[in-house]
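First up is the structure itself, then whatever we jot down about it.
Here is how names work: the chains are called A, B, and so on, in the same order as the sequence lines, proteins then strands, and each is numbered from 1. Because the structure is a prediction, the values reported are computed rather than measured.
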2 protein chains.
Amino acid sequence: MSRAAITADQVFHALGDPTRRAIVERLAQGPASISGLAQPLGFTLTAIAQHLQVLCDCGLARTEKVGRVRTCSLQTAGFTVMEDWIAERRATLEQQLDRLGDFLAQEDDG
Amino acid sequence: MSRAAITADQVFHALGDPTRRAIVERLAQGPASISGLAQPLGFTLTAIAQHLQVLCDCGLARTEKVGRVRTCSLQTAGFTVMEDWIAERRATLEQQLDRLGDFLAQEDDG
DNA sequence: AAAATACTGAAGTGCCGACTTGACTGTTCT
DNA sequence: AGAACAGTCAAGTCGGCACTTCAGTATTTT
């Protein structure tokens with residue numbers, strides 16, 4: 001494998017930070033440079049670059065440097081990991097609710 | 001409205017913590033008491049109770065105390081908030097990719 | 001070539017939140 | 001009633017991480 005598997009742990013931690021979520025929301029509109037992200041958010045380039053590193057590590061973003069400018073964009077991998085995690089919990093959760101429904105139905109039958 | 005609206009901010013922050021995600025994973029199997037959660041995780045009751053508070057505040061869990069035991073279970077509201085947030089970003093992201101596809105197709109037509 | 005731009009890297013600060021302790025309340029068991 | 005149990009509350013500790021500064025590199029502009 002070229003890179004370590006992305007864990008739900010990583011992705012949720014990454015999106016646990018409001019600044020990183022803001023970055024993701026901005027990038028959902030289209031690619032941007034580091035400074036293009038930093039300016040509206042009111043942070044230093046360094047701060048944004050550090051956040052970008054985290055987002056890349058967990059498959060939520062990727063970056064490419066051409067010339068002196070690094071262009072950042074979103075990546076779907078991280079999203080998929082989250083969606084899968086959520087779907088799995090929702091599935092077992094709804095099984096519970098179903099069983100509860102069956103139980104209550106039995107109660108009604110007496 | 002009886003309670004303040006749940007923000008994506010809250011939910012992602014809540015699941016950003018590994019212990020809280022472990023609690024959610026445990027609760028996905030079925031309801032549990034505070035001590036039932038604390039024991040396998042190796043934390044104090046207080047720690048777990050604090051985490052539960054966070055999970056409840058963001059609509060991921062709810063608790064009910066009967067006698068001396070507080071029973072905790074999952075709730076779907078928090079999950080829905082997350083799913084919606086993700087879906088929205090994915091949507092605009094895929095619009096981007098579509099436009100890129102169109103662009104590349106045009107290139108080919110050239 | 002000089003200046004401005006875009007970023008990088010190392011190192012430090014400060015604060016928030018995760019977790020603990022200890023004292024307490026209320027409940028169940030014997 | 002007394003003891004064990006389940007949880008609560010207030011207060012404190014401590015580490016990690018978000019963010020900064022500053023000095024440096026590479027690129028573009030004039």
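If you take CD of B:Gln53 and C1' of D:dA10, they are 15 Å apart, rounded to a whole angstrom. Between A:Leu45 atom CG and D:dC19 atom P there is a gap of 14 Å when expressed in whole angstrom units. Following rounding to the nearest Å, A:Gln39 (CD) and C:dT5 (P) show an atom-to-atom distance of 11 Å. We find that CZ of B:Arg70 is positioned 13 Å from C1' of D:dC9, with the value rounded to whole Å. Atom CD in B:Glu64 sits roughly 16 Å away from atom C1' in D:dA6 (whole-Å rounding). With rounding to whole Å, A:Ile48 atom CD1 is found 12 Å from C:dT8 atom P. Distance, B:Leu37 CG to C:dC19 C1': 16 Å, rounded to whole Å. If you measure from atom CZ of A:Phe12 to atom C1' of D:dC17, you get 20 Å, rounded to the nearest angstrom.
Ring planes of B:Phe79 and A:Trp85: parallel class, angle under 30° (limits at 30 and 60°).
Using a 4.5 Å cut-off on side-chain heavy atoms (C-beta onward), A:Leu15 and B:Leu15 make no contact.
The phosphate of C:dT5 (OP1 or OP2) has no side-chain N or O of A:Ser35 nearer than 4.0 angstrom. Listed pair B:His51 / C:dG17 fails the phosphate criterion, with no side-chain N or O lying under 4.0 Å from OP1 or OP2. Contact annotation: A:Ser33 does not reach the phosphate of C:dA6 (side-chain N/O to OP1 or OP2, under 4.0 Å).
Side-chain contact, B:Thr71 with B:Arg62: no donor N or O sits under 3.5 Å from an acceptor N or O.
Note that the CD atom of B:Gln75 and the SG atom of B:Cys58 stand 9.0 Å from one another [nearest 0.5 Å]. Rounded to the nearest 0.5 angstrom, A:Ile34 CD1 and A:Phe43 CZ are separated by 14.5 Å.
Pairs engaging residues 12-31 of chain A under the salt bridge (Lys or Arg N to Asp or Glu O under 4.0 Å) rule: A:Arg21-B:Asp9, A:Glu25-B:Arg89 [sequence neighbours left out].
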For this session: Produce a footprint string for nucleotides 20-30 of chain C: one letter per nucleotide, 5' end first; B if the base is under 4.0 Å from any protein heavy atom, S if only the sugar-phosphate is, - if neither.
Result: BBB---BBS--

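Under the 4.5 Å side-chain contact rule for hydrophobic residues, B:Leu52 and B:Leu45 share a cluster.
When heavy atoms are screened at a 4.0 angstrom cut-off, B:Ile34 is found touching the sugar-phosphate backbone but no base atom.
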